Number of protein chains: 2
Amino acid sequence: MVYRYNEIVQTSEVAPPTPGRPRSEAARRAVLHAVDDMLVEVGYAAMTMKGIAERAGVGRQTVYRWWSTKAQILLEACVDDARSELTTPRRGDAQRNLLDYLVALTEFLTGSPAGLAYRALLGEAQHDPEVRELLCTADVLAEPTQIVLDRVRPVAPAMPEDRLAATQLYGPILAQVLTTGSGLTRSLLKTHANSLLYAWQS
Amino acid sequence: MVYRYNEIVQTSEVAPPTPGRPRSEAARRAVLHAVDDMLVEVGYAAMTMKGIAERAGVGRQTVYRWWSTKAQILLEACVDDARSELTTPRRGDAQRNLLDYLVALTEFLTGSPAGLAYRALLGEAQHDPEVRELLCTADVLAEPTQIVLDRVRPVAPAMPEDRLAATQLYGPILAQVLTTGSGLTRSLLKTHANSLLYAWQS
DNA sequence: CTCATTTCGAGGCACGCTGCATCGTATCTA
DNA sequence: TAGATACGATGCAGCGTGCCTCGAAATGAG
């Protein structure tokens, strides 16, 4: 296959799914680790494919071989952490489960590197449809939210369908962080959980 | 004042607040109009200061004279439209006011050029603290939301403080659009309005 | 163990955008 | 009419992108 400038090139050659990766794992981990660090240190906007490669001690082409976008790297770097940070143990009654989740979500979005990565990706998704699709296929928030909703549903007969219930639960927290940069206080989170539960129980 | 490359330069010289603008208005309008069009046509990511200037038939330095960032231009280009599109007339009871607002907000975020601009700005705010601050100082959503909340509060004694109530109201809608790109159906918006009103009435 | 295959790090390069400098011109004010 | 100012256009260094090329190193089949 011949590459030329200003020509739309299918990325079928770049970033092959799993062709055979003899000693890739070391470089792969180095890149993911570098992205994780750089996001906190310099921010998403100043994070550069070139900079990532240099920081990881890796050739630029090595980065392009497995990922074609900053967003792809970032998603892969944060998705596991995000899942574990957002999965709260079942504990206490419905209200307690909701509150635990809202607190975990707030800490994730405001304090965790993985949460910072998710916010950066969600921001980029507003500029680039491909990133949006990427984020939809591996939606970080949907799964942990669903787990909590499933716990609450038995005692919340008026809870609407999953999609609306999920946005009712995490939407206010996400909106607050995205617009102001900081989360709601624990006391307000508790009020929010109580409101929802009250509405869902009648 | 001397400019040099790779030197942090105060933007005090560029974009003076209101020094005197003899025949600026024509160029200013041309730029704002060009940004409005280009956002829809090519998207935020592909929108370029150079491209804006060319599209507006304006020198690049003229653009830098009045604004220092794509985000500044975009905000100025959409803030008036946003306010008018999100201000719903008082009509009917509390539930009707809430629903009207939620419908207007959904249409704004999914169908309006101004809404597209707001989403792009909110996305950029996740990458750049300056944009976040810019967006906070002229928060497009806060004011219209507050108007609706003030109408509803007299019949909603259990409504929490403004900040939480506002995010409870628009957070789910915003989160839905930001994550999936499309809004909730009217029927789901109605359900959401009913939920909130029920909870706020205690 | 040997050798073809593949990836590795490093560097090169064309292209486009950024942001300031500068030019000559058009417009407004005094 | 004279001075001040903003205008459009253009030039430029610097930097990131994404593909190419190179020789070295590691892999895995025979």
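Computed from a predicted model, the values in this text were never measured in an experiment. Just so it is clear: chains get the letters A, B, ... in the order the sequence lines come, proteins before strands, and each one is counted from 1. Heavy atoms only: backbone and side chains are in, while hydrogens, waters and symmetry mates are out.
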Q: Sequence neighbours excluded, which residues qualify as side-chain contact (heavy atoms from CB on, under 4.5 Å) partners of Q146(A)?
A: L149(A), D150(A), D162(A)

Q: How many whole angstroms separate atom CD of Q61(A) from atom C1' of dG12(C)?
A: 12 Å

Q: Would R28(B) and E76(B) count as a salt bridge (charged side-chain N to carboxylate O under 4.0 Å, His left out) if you check the C-alpha gap in whole Å, the side-chain angles of each, and the deciding distance to 0.1 Å?
A: CA-CA 11 Å; R28(B) 196 174 149 277; E76(B) 188 169 337; 2.5 Å; yes

Q: OP1 or OP2 of dC7(D) less than 4.0 angstrom from a side-chain nitrogen or oxygen of R65(B), does that happen here?
A: yes

Q: Which distance, rounded to the nearest 0.5 Å, do you find between the OG1 of T48(B) and the CE of M38(B)?
A: 7.0 Å

Q: Can you find a donor-acceptor N/O pair under 3.5 angstrom joining the side chain of R60(A) to the base of dG9(C)?
A: no

Q: Think W66(A) has a side-chain N or O under 4.0 angstrom from the OP1 or OP2 of dC8(C)?
A: no

Q: Tell me: CD of E25(A) to C1' of dT27(D), nearest whole Å?
A: 15 Å

Q: Of all of residues 42-55 of chain A, which get a heavy atom below 4.0 angstrom from DNA chain D, listed by number?
A: T48(A), M49(A), K50(A)

Q: With rounding to the nearest 0.5 Å, note down the distance linking OG1 in T179(B) to CZ in R132(A).
A: 8.0 Å

Q: Should the ring pair Y198(A) and Y198(B) be called parallel, tilted or perpendicular, given that the plane angle runs from 0 to 90° and is split at 30 and 60?
A: parallel

Q: Could you measure the distance from the CD1 atom of I173(B) to the CG atom of L188(B)? Nearest 0.5 Å is fine.
A: 9.5 Å

